[in-house]
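In what follows, every heavy atom counts, from backbone to side chain, and hydrogens, waters and symmetry copies are set aside. Residues: numbered from 1 along the sequence shown. No experiment lies behind these values; they were computed from the predicted model shown.
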Amino acid sequence: MQRRLARILTAFPLLVVLLVLNFASVTFAWHDETHLAIAKAAGYQKWYNTAAPDIAKVKAGEKEGDNHYSDNPKGTVVTPQMVLDQVQRYNQIDEQGHLYGAIVASFRDYISAKKTRKFAEYQMAYCAHYVGDLSMPLHNMAYDQFNKQHHAAMDGIVESEVLENLDKIKIYSIEIRSEDDLAKEVARIANLSEELGYRLEAENRMLTKEEAYVQLGHSASLLRAILDYGKAGK
């Protein structure tokens, strides 16, 4: 079967290009500088590591890629329990995605590494990236025709300017004292992002820059709370 597929792809190079473009649109959320800006706005000292999880997908493929989204049918209400139920699927191939569980699981890995005196910052870089993906509306809704058509453009809506406009990413207070608190905040932002995504689809329009900065503020605010919670090593 693999050899047959290889012959088909060799005979039809355009098909290869289309498959690559389709794969890219599925797996990428905010572009690199947007992720970096979220981390900088949140005060993450290792902000420059935050784009790395997208780089990891080049070799890890779906095993990493499925950590970056959750395909929620219209009308889905993300609950804290749904977030926690996804944790066991972290780093597993899962076409529905498990972004919410990936945030909790990567934070658990960060705390575990800290407690065993291992280098924990790479685990936090994954967590910070997933928190960034959480505010991308199209990563919280079904991968339908609207999603496919607009995904790449929405990913880069503020990419060229965002690092020079960190002041537009507004931080608000979030307090996390337990994993249950974290799950509640992840669910809250997931529902906001999903609602916006389906509203954009109903109105058949692009995300505006103003809406994008509001979304980035959700991610940056949550990331700051996670960083503060992580300092306590809980």
Open item on the list: Between Gln215 and Ser193, do the side chains contain a donor N or O and an acceptor N or O under 3.5 Å apart?
Closed with: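 Gln215 and Ser193 do have a side-chain donor-acceptor pair below 3.5 Å.
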Task: Tyr44/Glu121 under side chain to side chain donor-acceptor pair (under 3.5 Å): CA gap, chis, key distance, verdict - done: CA-CA 10 Å; Tyr44 180 32; Glu121 287 304 326; 3.2 Å; yes
From [X] atom [atom1] to [Y] atom [atom2], the distance as rounded to the nearest 0.5 Å:
X      : Y      : atom1 : atom2 : answer
Asn49  : Trp47  : CG    : CH2   : 9.5 Å
Leu138 : Glu201 : CG    : CD    : 9.0 Å
Met154 : His31  : CE    : NE2   : 12.5 Å
Thr50  : His35  : OG1   : NE2   : 8.5 Å
Asn72  : Tyr143 : CG    : OH    : 16.0 Å
Leu216 : Ser135 : CG    : OG    : 5.5 Å

Charged N to carboxylate O under 4.0 angstrom, [X] versus [Y]?
X      : Y      : result
Glu179 : Lys184 : no
Glu195 : Arg199 : yes
Glu161 : Lys209 : yes

Task: Counterpart residues, side chain to side chain contact (heavy atoms under 4.5 Å, CB included), relative to Asn204 (two or more places apart) - done: Phe146, His150
Task: Nearest heavy atoms of Ala51 and Leu36, plus distance in Å - done: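 So the minimum-distance heavy-atom pair works out to N-CD2, 4.1 Å.
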Open item on the list: Check this for me: Glu95, atom CD, are more than 12 non-hydrogen atoms of other residues, nucleotides or ligands nearer than 6.0 Å?
Closed with: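 Atom CD in Glu95 is not packed in, count stays at 12 or less.
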Taking [X] for its side chain and [Y] for its backbone only, find out whether a donor-acceptor pair lies under 3.5 Å.
X      : Y      : result
Gln86  : Tyr100 : yes
Arg188 : Thr79  : no
Arg89  : Gly97  : yes
Ser221 : His218 : no
Asp144 : Asn147 : yes

Connected via hydrophobic side-chain network under 4.5 Å: [X] and [Y]:
X      : Y      : result
Val158 : Leu166 : yes
Ile171 : Leu223 : no
Leu207 : Leu192 : no

- [ ] Can you run down the salt bridge (Lys or Arg N to Asp or Glu O under 4.0 Å) pairs that involve residues 66-83, sequence neighbours left out, and say none if there aren't any?
- [x]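 Residue pairs passing salt bridge (Lys or Arg N to Asp or Glu O under 4.0 Å), neighbours aside: none found.
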Close side-chain approach of [X] to [Y], heavy-atom, < 4.5 Å:
X      : Y      : answer
Asn140 : Leu134 : yes
Val162 : Trp30  : no
Leu182 : Leu222 : yes

TODO: Kindly give the cluster partners of Tyr122, where membership spreads through any ILVMFWY side chain lying under 4.5 Å from a current member.
DONE: Phe119
Task: Mutual orientation of the aromatic rings belonging to Tyr69 and His139 [parallel < 30°, tilted 30-60°, perpendicular > 60°] - done: perpendicular
TODO: Please confirm whether Phe107 and Tyr229 have ring centers closer than 6.0 angstrom.
DONE: yes
Task: The single option from Glu62, His98, Lys57 passing side-chain hydrogen bond (donor to acceptor under 3.5 Å, both in side chains) against Asn67 - done: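 Running side-chain hydrogen bond (donor to acceptor under 3.5 Å, both in side chains) over Glu62, His98, Lys57 with Asn67 returns exactly one hit, His98.
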Task: Glu159 and Thr34: CA distance, side-chain angles, deciding distance, side chain to side chain donor-acceptor pair (under 3.5 Å) verdict - done: CA-CA 6 Å; Glu159 180 74 3; Thr34 306; 2.7 Å; yes
